[in-house]
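This one's a predicted model, so the numbers in the text were calculated from it and none came from an experiment. In listed order, ligands and their atoms are each counted from 1.
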Amino acid sequence: MNEQQSIRVYEHADELYRMAATFVAEQIRSAIDNRGQALIALSGGSLTSRLYPLLANAPLREQIDWSRVSIVFADERYVPFDDSENNYRATRQTFLDHVPVHADQVFPVPTYYRDPQQAATIYQQQLTALLTAHGGQIDVALLGMGPDGHTASLFPRHPVLTAIPAGALTVVVADAPKPPPLRLSLTPAALNTARAVVFVVSGADKAAAVAAALADTGDAMAQPTRLINPVAGTVYWMLDRAAAERVMQ
Ligand code: 6PG
């Protein structure tokens, strides 16, 4: 575990998501208080149903000046916006349609391009402009982790991990083991601009991957979360006891 990393364990998943939402809201408020704005990167998966509704409802909703928040996506399934698998769609349904953000504050991955590489190039340009406007950093990158240890759409031992061009902030991921197979992900370099990377992980099915991720040994390519080491930021692991079971021993 590196020095810029903290682990918090909560007895049950409900408490985990409540505390994680509260922590993320604090991080967003701090960014706005200190720099007048916040840039956040959102993941999909269970965060869309378990955590985002907490940000979209009282008391947290009223604690944030949403007009100062810009939102990008840590990854996206390369499907249309109206596809039930699309993270942007799910995040709108549980979060973004329920807080006062304007469309120009939200940057969905443009999955309407036939060529995903063109979308990746365009998203890189958008993220580069946002980073320039936000002091070079994402304020909060909110990430989950799969049972295999993947995060965003960075999958263990996936060929793309060793083929990401230097400086690339986005990457097309084909043949992802978690369906849908075609995705677009922020790269470790993009995520490592974060001031706060917050992994929110619950469930016994994640326990082995959490233990492997937090161990300082082994091949980082087998544990993509270990590629996430913010240049000037902190990694926060927020876990329920079931996910932390193998770490607590
Ligand atoms: C995605 C997510 C993905 C997710 C993990 C964990 O698009 O699938 O961004 O990275 O965070 O797969 O998902 P669960 O929390 O649902 O297990």
Below 3.5 Å, can you tabulate the donor-acceptor pairs from side chains in residues 157-169 to any protein atom, sequence neighbours excluded?
from: Arg157; atom 1: NH1; to: Asp219; atom 2: OD2; distance (Å): 2.9
from: His158; atom 1: ND1; to: Val160; atom 2: N; distance (Å): 3.0
from: His158; atom 1: NE2; to: Ala174; atom 2: O; distance (Å): 2.7
from: Thr162; atom 1: OG1; to: Pro159; atom 2: O; distance (Å): 3.2

Measure centre to centre between the rings of Tyr236 and Phe23, then say whether the value is under 6.0 Å. yes

Give me each pair satisfying ring-ring contact (aromatic ring centres under 6.0 Å, His included) with a member in residues 159-195, each pair once, sequence neighbours excluded. none

Between ligand 1 and the protein, give all atom pairs where both partners are nitrogen or oxygen and the distance is under 3.5 Å, as lines of names plus distance to 0.1 Å.
from: ligand 1; atom 1: 7 (O); to: Asp75; atom 2: OD2; distance (Å): 3.0
from: ligand 1; atom 1: 7 (O); to: Arg77; atom 2: NE; distance (Å): 2.8
from: ligand 1; atom 1: 7 (O); to: Asn87; atom 2: ND2; distance (Å): 2.9
from: ligand 1; atom 1: 7 (O); to: Arg183; atom 2: NH1; distance (Å): 3.3
from: ligand 1; atom 1: 8 (O); to: Arg77; atom 2: NH2; distance (Å): 2.9
from: ligand 1; atom 1: 8 (O); to: Lys178; atom 2: NZ; distance (Å): 2.9
from: ligand 1; atom 1: 8 (O); to: Arg183; atom 2: NH1; distance (Å): 3.4
from: ligand 1; atom 1: 9 (O); to: Gly44; atom 2: N; distance (Å): 3.0
from: ligand 1; atom 1: 9 (O); to: Asp75; atom 2: OD1; distance (Å): 2.7
from: ligand 1; atom 1: 9 (O); to: Asp75; atom 2: OD2; distance (Å): 3.0
from: ligand 1; atom 1: 10 (O); to: Ala152; atom 2: N; distance (Å): 3.3
from: ligand 1; atom 1: 10 (O); to: Ala152; atom 2: O; distance (Å): 2.6
from: ligand 1; atom 1: 12 (O); to: His150; atom 2: NE2; distance (Å): 2.5
from: ligand 1; atom 1: 12 (O); to: Lys178; atom 2: NZ; distance (Å): 2.7
from: ligand 1; atom 1: 15 (O); to: Ser46; atom 2: N; distance (Å): 3.4
from: ligand 1; atom 1: 15 (O); to: Ser46; atom 2: OG; distance (Å): 2.6
from: ligand 1; atom 1: 16 (O); to: Ser46; atom 2: N; distance (Å): 2.8
from: ligand 1; atom 1: 17 (O); to: Lys206; atom 2: NZ; distance (Å): 2.8

Looking at CZ of Arg68 and CD1 of Ile28, how far apart are the two atoms once the value is rounded to the nearest 0.5 Å? 14.0 Å

Provide the full list of ring-ring contact (aromatic ring centres under 6.0 Å, His included) pairs with a residue in residues 98-144, sequence neighbours left out, each pair given once. Phe81-Tyr112

Result for side chain to side chain contact (heavy atoms under 4.5 Å, CB included) between Thr170 and one of Gln125, Gln124, Gln126 points to Gln124

